[in-house]
Every structure is written in structure tokens, then in C-alpha cells.
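Remarks on the structure that follows.
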2 protein chains.
Amino acid sequence: MPHGRYLEVMTAQRQTKQLQAVRNAFESAGRPLSIDELHQMASEDLDSLGLRTVYRVVRKLQDADEIAVVSVPGSSDRYELASVASKHHHHFHCTSCDRFFDIHGCPGGLSKLVPEGFKLERHDLTLSGLCDACA
Amino acid sequence: MPHGRYLEVMTAQRQTKQLQAVRNAFESAGRPLSIDELHQMASEDLDSLGLRTVYRVVRKLQDADEIAVVSVPGSSDRYELASVASKHHHHFHCTSCDRFFDIHGCPGGLSKLVPEGFKLERHDLTLSGLCDACA
DNA sequence: TTGTAATTGGCAAATAATTGTCATTAAGGG
DNA sequence: CCCTTAATGACAATTATTTGCCAATTACAA
């Protein structure tokens, strides 16, 4: 049996405090979070939270299309709310605190950069430097 | 003693066929290469080439500023000639063959996307889709 | 050609990130 | 309030990548 959204939807979902703590972390952060950031932030609500559980909750939220993975250059994967991910946007990476932030807007005009014969399907832009707190 | 370019420059450098095979791979590919791609391509010149040696040669070329690392989203690091890296450019990632290609040109106008108080230092753009061979 | 030391390559070991296992806990329907 | 079983968390195990080690090889200066 495939592991996926359908199965999860059919399966009973318990509203555990661990799940809530991770959800709260996404809501309150308002930016893409790594597994470790999620663990740290959600642990403030629930100090007994295990890293193993964070991995499992993240997988479950992914399967439920509640969050989406954000692959970034040079750092580990981040996750963000699907409601945010569904709106085209980009990210800013602070090289000092290693946090990622959402950037709204897009330069556009990228199709003219694509070589002859190539088929453009998506693009990712990462600005980097210092965030307001670190600057 | 620090491990760095200065030391390497002072140390005798032997023109081994392994080093030449890796250099040739960079020259003939004309695109950023992963460790495994380097190993595969250079092995066509020199079938005895060990992966361990590729790691070492890449490190040495980095220390000598002959090549630079290219961090990309969702895939392992690539390396490209410093002469290419020094000219601002971006990359295209083929999701079918997993190869990266150089893109010349840049959309520009990114500073207006930066949030108030943030300091923009660099940016990375990755287009993705299908390369000409896969399309 | 010879001597020396840089280089190589196979394998083990160190890293780092994620997952399997399983006894225990607890959510929530009845 | 129970009872069933989903969920948790500690730990071991796995996976993937990179590096340490060292005997054998080889570049190249003398």
C-alpha cells in the first residue's frame, strides 16, 4: 500500500500536543524552518518533544499537503506552510544567523535567459546577506 | 599550520595524469560538475582513477583558486572553473538528467525585493526544467 | 638513472542526517 | 470512565558522503 496523503486522510488523526507545538512553530515563525529550528521552537512549548517526533510530524504534514519542502543552496531543507508555498515567492538567507525569510516579488523576464532547446519549468531565487537583526 | 592556498603554492606540485584527467573534465564539460560526474568523466581518460583521488584533487584545485564550489538547491555541490565562476552568472538544472548548465545573463533589479533593514550581499538563481538533450 | 617525497587508491573510520524498533504513553470514541 | 490503538521518545541501526590511514606507486630534480 502506498504511503501518501490518501492513507493519512483515512487514518485517524489525533490532536496531540506535539503536533500542535509544531504547527504553532510554523504559524508563529512566518518563515521557512529547518527540522532543528522546528525542534527548538516547538520545544519551548513542550520541552519533552523528541527530535524523532519532529521528523514524523513533518512527514505527516507533508503527506497532508499542509506544508511543503523548500530546498535551498548550501543549507539543509526548510519547510513552510502550503498556503505560503502555493504563492510564488523567493527567499532571503541570512549568512550570519542561517535563517531564511520570505521575499515577495519576483524579477521576472527569465524565459529570455533560457538556452535554445531547453524547457523552463520553474525557478528558484535566493538572496543572501544579513537580516535586519544581524545587520 | 593552516591548510590553505599559500601552503599549496609553496609545495611542489606534480603534474600527475590524475590531476590532468580532472582538469580535462572541467575543460571539456563546460558546465559545473559534481564529484561523481568528475569521477565518471575523468575515468574515461584514466580508468584506474579512484574516487578518493578525485576528492583530493578537487580540494587542491579549490585551494589553488583554480575551481570554485557551486551550492545548488536539492542536489550535491558542483564545482566549476574559477575563470567561469568569477563572471557573474546563474545555472539551469535539468530535472531529468540532473546536470547543471551555465546561464549567462541576470534578471537584475533585485535590490527592490529586499526587506527594509536587510543587507543584500549576493544572490543565486537556479532555473530548472529539461535540457535540450532531455526535452 | 637514481633517490626522495608527493601522490595514489583501497579500505576503514568518522560524520551527519534520517529511519527502524519497541515499550510506554495518551488521545478520544463509545 | 474505559479501551483501543495512534503516537511518542529513547536508542540503535541505516544510509550517504567525506576523510584518515598507509603501503605501493610515480613524478621529477639532481
Side-chain angles (χ1 to χ4, degrees), chain A residues 1-25 33-40 42-64 66-67 69-79 98, chain B residues 1-25 33-40 42-64 66-67 69-79 98:
Chain A
M1 192 184 304
H3 176 200
R5 185 189 346 163
Y6 189 71
L7 175 61
E8 299 303 333
V9 170
M10 304 302 296
T11 305
Q13 287 298 315
R14 293 183 177 179
Q15 298 305 311
T16 65
K17 47 191 187 299
Q18 289 85 354
L19 174 60
Q20 280 310 325
V22 172
R23 274 208 185 101
N24 287 343
L33 300 174
S34 66
I35 293 287
D36 286 337
E37 285 177 323
L38 281 167
H39 187 211
Q40 285 188 315
S43 290
E44 291 175 16
D45 276 311
L46 190 71
D47 62 343
S48 66
L49 182 66
L51 182 60
R52 184 70 185 86
T53 298
V54 177
Y55 274 107
R56 265 187 302 232
V57 168
V58 164
R59 167 68 59 85
K60 187 159 293 192
L61 292 176
Q62 271 190 283
D63 289 344
E66 224 177 290
I67 63 174
V69 64
V70 180
S71 293
V72 295
S75 196
S76 56
D77 284 352
R78 263 63 177 177
Y79 300 87
D98 201 35
Chain B
M1 191 183 303
H3 175 202
R5 182 190 349 163
Y6 188 72
L7 175 62
E8 300 303 333
V9 169
M10 303 303 296
T11 304
Q13 288 298 318
R14 294 186 175 176
Q15 299 306 311
T16 65
K17 48 191 185 299
Q18 289 86 353
L19 174 61
Q20 280 310 324
V22 172
R23 275 209 184 101
N24 287 344
L33 299 173
S34 68
I35 294 287
D36 286 337
E37 285 177 322
L38 280 167
H39 187 210
Q40 285 188 316
S43 289
E44 291 174 18
D45 276 311
L46 191 70
D47 62 343
S48 66
L49 182 66
L51 183 60
R52 184 71 187 86
T53 299
V54 177
Y55 275 106
R56 263 187 305 232
V57 168
V58 164
R59 166 69 57 87
K60 187 159 293 192
L61 292 176
Q62 271 190 283
D63 290 343
E66 224 177 292
I67 64 174
V69 64
V70 180
S71 293
V72 295
S75 195
S76 56
D77 284 351
R78 262 63 178 176
Y79 299 87
D98 201 35

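Because the structure is a prediction, the values reported are computed rather than measured. Every chain is numbered from 1 and lettered A, B, ... according to where its sequence line falls, protein lines coming before strand lines.
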Closest non-hydrogen atom pair between [X] and [Y], with its separation:
{"X": "A:P73", "Y": "B:S71", "answer": "CB-O, 3.5 Å"}
{"X": "A:A42", "Y": "A:A25", "answer": "N-CB, 4.4 Å"}
{"X": "A:L46", "Y": "A:Q18", "answer": "CD2-CG, 3.5 Å"}

Return the value, rounded to whole Å, for the distance between atom [atom1] of [X] and atom [atom2] of [N].
{"X": "A:L19", "N": "D:dG9", "atom1": "CG", "atom2": "C1'", "result": "16 Å"}
{"X": "A:L46", "N": "D:dA7", "atom1": "CG", "atom2": "P", "result": "16 Å"}
{"X": "B:Y79", "N": "D:dT17", "atom1": "OH", "atom2": "P", "result": "12 Å"}
{"X": "A:L49", "N": "D:dA10", "atom1": "CG", "atom2": "C1'", "result": "13 Å"}
{"X": "A:I35", "N": "C:dA17", "atom1": "CD1", "atom2": "C1'", "result": "10 Å"}
{"X": "B:D63", "N": "C:dA6", "atom1": "CG", "atom2": "P", "result": "16 Å"}

D:dA6 OP1/OP2 closer than 4.0 Å to side-chain N/O of A:K60: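 For D:dA6, neither OP1 nor OP2 has a side-chain N or O of A:K60 closer than 4.0 Å.
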Phosphate-side-chain proximity, A:S76 and C:dA17, N/O vs OP1/OP2 below 4.0 Å: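 No.
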Nucleotide N/O of nucleotides 19-21 of chain D paired with protein N/O under 3.5 Å:
{"from": "D:dT19", "atom 1": "OP1", "to": "B:R59", "atom 2": "NH2", "distance (Å)": "2.7"}
{"from": "D:dG20", "atom 1": "N7", "to": "B:R52", "atom 2": "NE", "distance (Å)": "3.4"}
{"from": "D:dG20", "atom 1": "N7", "to": "B:R52", "atom 2": "NH2", "distance (Å)": "3.3"}
{"from": "D:dG20", "atom 1": "O6", "to": "B:R52", "atom 2": "NE", "distance (Å)": "3.0"}

Mind checking what makes side-chain contact (heavy atoms from CB on, under 4.5 Å) contact with [X], not counting sequence neighbours?
{"X": "B:R23", "value": "B:Q15, B:L19, B:Q20, B:L61, B:E66"}
{"X": "A:Q62", "value": "A:V58, A:I67, A:V69, A:Y79"}
{"X": "B:S76", "value": "B:S34, B:R78"}

Donor-acceptor contact below 3.5 Å, side chain B:H39 vs main chain B:L49: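 Yes, the answer is positive, given that a donor and an acceptor are paired below the 3.5 Å cut-off.
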Within-4.5 Å side-chain heavy-atom neighbours: A:D63 and A:R59: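 Heavy-atom side-chain distance check passes, below 4.5 Å.
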Within-4.5 Å side-chain heavy-atom neighbours: B:L51 and B:I35: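 Yes, their side chains come closer than 4.5 Å.
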Reference residue B:L33; test side chain to side chain contact (heavy atoms under 4.5 Å, CB included); the match among B:V22, B:V70, B:D77, B:L38: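 Option passing the side chain to side chain contact (heavy atoms under 4.5 Å, CB included) with B:L33: B:L38.
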Inter-axis angle, terminal five-pair segments of the helix from C:dT1-D:dA30 to C:dG30-D:dC1 [nearest 10°]: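 End axes: 40° apart.
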Reading 5' to 3' through nucleotides 25-30 of chain D, protein heavy-atom contacts under 4.0 Å coded B for base, S for sugar-phosphate only, - for none: -BBS--
